[in-house]
Undergrad: 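Here it is, the structure, as structure tokens.
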Amino acid sequence: MRNDAARLEYAVATICPEIEERAKRSQTALDERNLWWELSCCLLSSQVPYALAVATADALDKRQLLTSASGHQDELSKEIFEVLRQPVLVNGSFRNYRFPGSKSVQLASARASVSQESGELCSLMGEFKNATCARTWLVSNVSGIGPKQASMFLRNSGISYDLAVIDRHVLNYMTAIGLYDGAERAISKLPQYHRHETALISHADRLGFAVGLLDWAIWIVMRVAGNRGTGRALA
């Protein structure tokens, strides 16, 4: 078990520099349309294959409903629903999005919250003193966004790599190296999430990488390890 943990840690540390370099190359100025694509993709990806969430976010982006919304929240929700209920092309096959009703309501609500707070998502993200404050606002004000989705949005949009995206792959890794014992299975609330994130940040600091880049590397390594039957699977 100790050797397995060492091999996983070595594999993660090995690919972190490549991910760090890729993140630097892709760094661009914040853009309203891109931010809404990233936020909608994170919200749509809950309990849904990521490729399907991406295709659905693309379909929504083509209509630019979230960047140009000016009408009533209920009307926007109906417009979004009409987009989400249409099949999208994923890996050569048309697939239906699983939750068009609830997600259309959540996306319209997100747009209303951002409009009320700051007008635009881009300006709102620039108002927070740090990523933790931004995440807290998102979790508190955007229905359907939990700590993991909020952290993913802030990481994927390049706003911050200081927060961890803790999914089942990361928890598998933390279990394998002794950072997580599996006793607390529900970490959807910020206090529990922050407790596990703090442990992962300490691990990332020891390896010399930002935690938002480390968890990306972990996700890649643990998917490969899982396909090879390595590591303990979590529900």
Undergrad: Rounded to the nearest 0.5 Å, how far does CD of Gln86 lie from CG of Asn96?
TA: 9.0 Å
Undergrad: Does Cys42 offer a backbone N or O that forms a donor-acceptor pair with the side chain of Gln149 under 3.5 Å?
TA: no
Undergrad: Would Leu66 and Phe81 show up in the same hydrophobic cluster when neighbours are defined by side-chain heavy atoms closer than 4.5 Å?
TA: no
Undergrad: Please report the shortest heavy-atom distance between Leu138 and Met125, naming the atom on each side.
TA: CD2-CE, 4.3 Å
Undergrad: Under a single-linkage rule joining Ile, Leu, Val, Met, Phe, Trp and Tyr whose side-chain heavy atoms are separated by less than 4.5 Å, which residues share a cluster with Leu190?
TA: Val139
Undergrad: Please list all pairs passing the side-chain hydrogen bond (donor to acceptor under 3.5 Å, both in side chains) test where one or both residues lie in residues 44-61, with sequence neighbours left out.
TA: Arg33-Asp61, Trp37-Asp58
Undergrad: Looking at Arg63 and Glu82, is there a salt bridge between them, counting it only when a charged N and a carboxylate O are closer than 4.0 Å?
TA: no
Undergrad: Hey, is the main chain of Leu121 close enough, under 3.5 Å, to the side chain of Glu32 for a donor-acceptor pair?
TA: yes
Undergrad: When you measure from the side chain of Tyr97 to the backbone N and O of Val88, does any donor-acceptor pair fall under 3.5 Å?
TA: no
Undergrad: Count I, L, V, M, F, W, Y as connected when their side-chain heavy atoms are under 4.5 Å apart, and connections chain through other members. Are Ile220 and Leu171 then in the same cluster?
TA: yes
Undergrad: Ignoring hydrogens and geometry, is there a side-chain-to-backbone donor-acceptor pair from Ser140 to Thr136 under 3.5 Å?
TA: yes
Undergrad: When you measure from the side chain of Arg135 to the backbone of Ser151, do you find a donor-acceptor pair of N or O atoms at a distance under 3.5 Å?
TA: no
Undergrad: So, does Gln27 use its side chain to make a donor-acceptor pair with the main chain of Gly158 at under 3.5 Å?
TA: yes
